[in-house]
Amino acid sequence: MRFEGTAKSASSVLAVAMAIAWLGNPPLSEAQFTRGAITGVVKDSSGAVVPGADMAVAEERTGSSISVRSLGDGVYLAPQLLPGTYRITVQMQGFKSVTLSGLTLNAGATLTQDLVLEVGATTESVKVSAQTSLVETTNGQVGTTVQISHVLEMPLVDRDVYKLVNLVPGSFHNNDGRVSIAGARLQTSAFLLDGVANSIGGLRNQNADLSPPIDSLQELKVETNNFGAEYGRMMGGVMNAVTKSGTNEFHGSLYEFLRNDAFDARGWGVDQLPPLRRNNFGGTFGGPIRQSRTFFFLNVDALRDHSAATRTYSVGLPDWRTGNFSSATRDAGGRAEIVPIYDPATGTGDFLNPRATTPFAGNMIPASRLDPVASKALSFLPTP
């Protein structure tokens, strides 16, 4: 259950400290491979390149922007951009002003977007809504971006963001936290959080050190093949979780994820439903400190988990309590086979490793050979 103000959701408890630490030192210290770039060629309506065109590339939610200029061959490059949705505004003497909006840039991606200028006065403007290309044309990296907005309302056990790797073709996250990406062996993939190593282990990865709540994340980028050398170290794939940021508007949300045995059915072979009271709840809040320059964003995430498990064990058949194991059998290729009970007094060795011993007659232990302490202990076990 989620309640939102003008908002989408947010960061982890750790992100509170991270946000405070980064307020006066935003993106420059961040690992470079969380960032992307936008490039392309500026042309006129005849297809000729346009050098020297001034361009402003702005993130639509935060308003932060950089200025670039097309080179002699018409090519422009806006590097080191955080993941987000961008708007490009182009101005050139003798041409209409062009504004292209809605460019979605994912973590570590290079987006190619050519621009076409129409002859006219600079006071005239043309506005275009962009359509993001589905094909990466600038490098050979193969990867998948899992948009968190697509899965916020999906059932996800324990709300572990790295388990979203199961949405990536050829990859899986197993129950003990280990991951295989694109057919690579387990324990050979890298976990990153905002480009920072997030793995427990020495020379090889074992599992994620920190798994922030899904509400704290903007996207999960999974690199499967041909990724750049800057990732290094791991032979398998790379999972890069990128946290959200504040914007030029104040946003907030409240959420509660409830699991309770009142909604559950008994499992197979269980005669009593084990208690379960699991509440994962929290809230997010973010906004501007200085418009289009400095932002804050935090998420308080809490978990209360009171649960138990039901275990069913065999207490044996009633005849076994008296030493009668004539019905003790095991599966031998689809047929029942008697499990022999050996008399330790007839040979050497011990119970588990008898040597030169013979089974009790009829697989029955005489009453005189039963240990009185064991017989007393059996009285405390329930009957079948």
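Just so you know, these numbers use all the heavy atoms, side chains as well, and skip hydrogens, waters and symmetry mates. Sequence positions, counted from 1, serve as the residue numbers for this chain. Treat the numbers as computed from the prediction; the structure is a model and nothing was measured.
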*For the hydrophobic clusters of this structure (ILVMFWY residues joined by side-chain heavy atoms under 4.5 Å, transitively), does one cluster hold both V42 and V119?*
yes

*If two hydrophobic side chains count as joined below 4.5 Å and joins carry through other members, does L82 share a cluster with L77?*
no

_Strictly below 4.0 Å, N to O, side chains only: are R369 and D343 in salt-bridge contact?_
yes

*Apply side chain to side chain donor-acceptor pair (under 3.5 Å) to the pair S326 and N324, showing each step before the final yes or no.*
CA-CA 6 Å; S326 59; N324 182 358; 2.7 Å; yes

*Are side-chain N/O atoms of E256 and N279 paired as donor and acceptor at under 3.5 Å?*
yes

*asked:* Between T357 and T346, do the side chains contain a donor N or O and an acceptor N or O under 3.5 Å apart?
replied: no

*Return yes if some donor-acceptor pair links the side-chain N/O of D261 with the main-chain N/O of D264 below 3.5 Å, else return no.*
no

*How about F296 and F285: are their ring centres within less than 6.0 Å of each other?*
yes

*For the pair F191 and Y162, name the ring-plane relationship: parallel under 30°, tilted 30 to 60°, perpendicular over 60°.*
perpendicular

_Within 45° cone and under 6.0 Å: R159 NZ/CZ vs Y255 ring_ = yes

*Go through the steps for I365 and L370 under the test side-chain contact (heavy atoms from CB on, under 4.5 Å), then give the verdict.*
CA-CA 7 Å; I365 303 174; L370 297 179; 3.9 Å; yes

*Give me the one residue out of T247, T62, N248 that meets side chain to side chain donor-acceptor pair (under 3.5 Å) with S292.*
N248

*Would you say Y86 and S101 make side-chain contact, with heavy atoms under 4.5 Å?*
no

*I181 and M239, any side-chain heavy atoms less than 4.5 Å apart*: yes

*Who pairs with P359 by side chain to side chain contact (heavy atoms under 4.5 Å, CB included), at least two apart in sequence or on another chain?*
P340, Y342

_For D54, side chain to side chain contact (heavy atoms under 4.5 Å, CB included) partners two or more places apart_ = R69

*Evaluate the criterion side-chain contact (heavy atoms from CB on, under 4.5 Å) for residue pair R278 and F257; output intermediate values, then yes/no.*
CA-CA 8 Å; R278 193 178 193 276; F257 293 89; over 6 Å; no

